[in-house]
Chemist: 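The structure under discussion is supplied below as C-alpha cells; questions concerning it will follow.
Position 1 is the first residue of the sequence; numbering continues from there. One-based numbering, in listed order, for ligands and for the atoms of each.
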Amino acid sequence: MDQESDTLRHHCGVVGVHSANPDNIPEKLFYGLFALQHRGQESAGICYRKEIPEDGSGRFVTYKDLGMVSTVLSRYLNKPHPSTLGIGHVRYSTRGGNQLENAQPLAASCNKGTAAIAHNGNISNAALLNTRLSTEGSIFQSSSDTELILHMIARSRQPDFKSALLETLQDLEGAFSMVMLHEEQLIAIRDPWGFRPLYIGFSEGLTVVASETCALDMLKIRDFREVEPGEIIHIDSSGLRSETFSPKEKKRRCVFELIYFARPDSLVFGESVYLTRKAMGAALAMDESIEADLVMSVPDSGNSAALGYAEKSGLPFEQGLTRNHYAGRSFILPTTSQRELAVRMKLHPVREVVRDKRIILVDDSLVRGTTSRILISLMREAGAKEVHLRLSSPEIKFPCYYGIDIPTRKELISNSLNPGEIAAHIGADSLRFLSIPRLKECLQDGEGYCYACFTGEYPIQPREV
Ligand code: SF4
C-alpha cells in the first residue's frame, strides 16, 4: 500500500499578488507559495502579467511543473521580472491524478478577455456541470474542477467577464477559495460556506491574497483580514471593490484545517492554529482516567496537542520520537517489513526516553492505523512499558467532497472497529479520540464548522450525474 495515504491530504494552496507599482511579482509568489508548501507537494506554478514597457501593455506568462516550489520556481529568484499582478498555486493531486495537465494556474483567452485561475477546494457538483458542458460541446484538457470554471465563464451568454463570472459562481456548489487574474485585475473569491480559508493583506501598495496567514507573514504583511464566505474582491490600480455574490449560507469551515492541515503559525478562520491544537490536547486530558509517566507526540502533527495535553495533565512532555525530515515520500510498499522500514526511516523512538515508561502518545488523527501499529511496535521494542494513544480529532468514518483526500470508507479503520478493537489491532494499551462536543468547545464558533467526515452529515450533498 501507499504508506503516505495513512494520512489525510490537502489538495491545494493559493496566492495572489497585486502591486500598485511594477514589482518583482514572481519572486513574491515564490515566497508566498514556499510558505504554503505543506498544502501541496506534487506541483507548483505561477501566472503573472509580464509588462511590455515599449507600449505599456502586458501578457500573461504561466510557468508550472511537477515538484516542490523550491525546485520548480527557483528560476524566478535569479533576476527581476517586473509585473503588477500574478497568482500562484501548490497542488497535491488525488490518487492517480499526478499529471502536469492538472497543475495550476490555468490561463485561457476567450471572447471575454484573458483570464487565469488558481483554486483550492472541490466543486461538489463538478460531475454534473462537466456532463452538461461536454454535452454542449466543451472539450476538456484536464480533469480538474478549475478548467470547468474557465469553460463556464467562456460559454456564458453574459456580455462581459464580470457578469459571466458572477453567473458561473451561482452554479457552483462545494468548496472554492480562489484567486484569478483578468486583464489588469486580481480577483479573490471564497465560497458561501467558507470551507477553505482565504486571507487578504495590505502593505504599502501591495495587496496579497493567500490560503493562510503564514504566507502573508513571509511577505511581511501584518494588516490582513479574512475574505468572507460568499465575497468576491476585485483589486486593480484604482483600488479594491468588494461585493457579496451569494446570500449568506451557514458557515461550514473545514475543522480539519485546524486539526491538521494548516501551519501552526497561521491563523485560519480567525483562530490561531497552534493555540487551538493545544486546546484540543488539553480537552483530551480533561477526560483522562489512565495513569502515565510522560506525554509524547507523533511529530510534527501531534506536537501542539501533546503540549496542551501535558500542560493540562501536569505530566512531563518529552520528545520521545525523532522525525527524519529528509525522508522523502514512500510509495507502493507491499510487505510488512518494507512498511516498517518506511516508518523507521521517518520516525524513530529515543530509547532513553521511552524505556520502562507508561506513555501517553498524542497524534492528530487516525486514518488506516497502519503507521500507528508500526510506531507502537517500535516503541515497545525500545522498552516502552505502556503506550496509550490519544487522538486530537474524532473518529474519521466518511469521505470528504470538499477538497480533502480521504481513503474510502472501507479503508478507514474507525468504520470497522471501535476504539477498544482498534487499540488491540494496533497494539496500544488504550486508545481515545477527542469527542465532537469537546472539539466544539475548543473553537470560538463551534457550530460554524463542517464535521461531515466524522458524522456523515454533509452540508451540501455531492451531486452525481
Ligand atoms: Fe473538512 Fe472533513 Fe468537512 Fe472535508 S468533510 S471539509 S475534511 S471537516
Chemist: Could you check, using the six-membered ring where one of them is a Trp, whether Phe202 and Phe224 have ring centers closer than 6.0 angstrom?
Modeler: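 Centroid separation for Phe202 and Phe224: 6.0 Å or greater.
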Chemist: To check your reading of the model: name the closest protein heavy atom to atom 2 (Fe) of ligand 1, its residue, and the distance in Å.
Modeler: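 The closest heavy atom on the protein side is Cys453 SG, 2.3 Å.
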Chemist: Examine Tyr63 together with Tyr48 and report whether their ring centres are nearer than 6.0 Å.
Modeler: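 Not under 6.0 Å, so no.
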Chemist: Closest non-hydrogen protein atom to atom 1 (Fe) of ligand 1, residue and atom name please, with distance?
Modeler: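 That would be Cys254 SG, 2.3 Å.
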Chemist: So, does Arg196 sit close enough to ligand 1 that a heavy atom of it is under 4.0 Å from the ligand?
Modeler: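 Yes.
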Chemist: Using 30° and 60° as the class limits, which term best fits the ring planes of Phe34 and Phe30: parallel, tilted or perpendicular?
Modeler: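 Aromatic pair Phe34/Phe30 classed parallel.
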Chemist: For atom 7 (S) of ligand 1, which protein heavy atom lies nearest, and how many Å away is it?
Modeler: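 Nearest protein contact, heavy atoms only, for atom 7 (S) of ligand 1 is Ile404 CG1, 3.5 Å.
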Chemist: May I ask you to say whether Arg277 pairs ionically with Asp364, meaning some side-chain N is under 4.0 Å from a carboxylate O?
Modeler: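 Looking at Arg277 and Asp364, the cut-off is not met.
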Chemist: Look at the rings of Phe256 and Phe454 and say which category their plane angle falls in: under 30° parallel, 30 to 60° tilted, over 60° perpendicular.
Modeler: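 Rings of Phe256 and Phe454: tilted, 30 to 60°.
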Chemist: Please check: side-chain N/O of Asn125 versus main-chain N/O of Asp171, any donor-acceptor pairing under 3.5 Å?
Modeler: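 Side chain of Asn125 to backbone of Asp171: a pair is present.
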Chemist: With a cut-off of 2.8 Å, does Cys450 place any N/O/S atom under that distance from atom 3 (Fe) of ligand 1?
Modeler: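 Yes, since at least one N, O or S atom of Cys450 sits under 2.8 Å from atom 3 (Fe) of ligand 1.
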Chemist: Give me the residue, atom name and distance of the protein heavy atom closest to atom 4 (Fe) of ligand 1.
Modeler: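 Protein heavy atom at minimum distance: Cys400 SG, 2.3 Å.
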Chemist: Using a strict 4.0 Å cut-off to heavy atoms of Ala452, name the atoms of ligand 1 that fall inside it.
Modeler: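 Listed by number with element: 5 (S).
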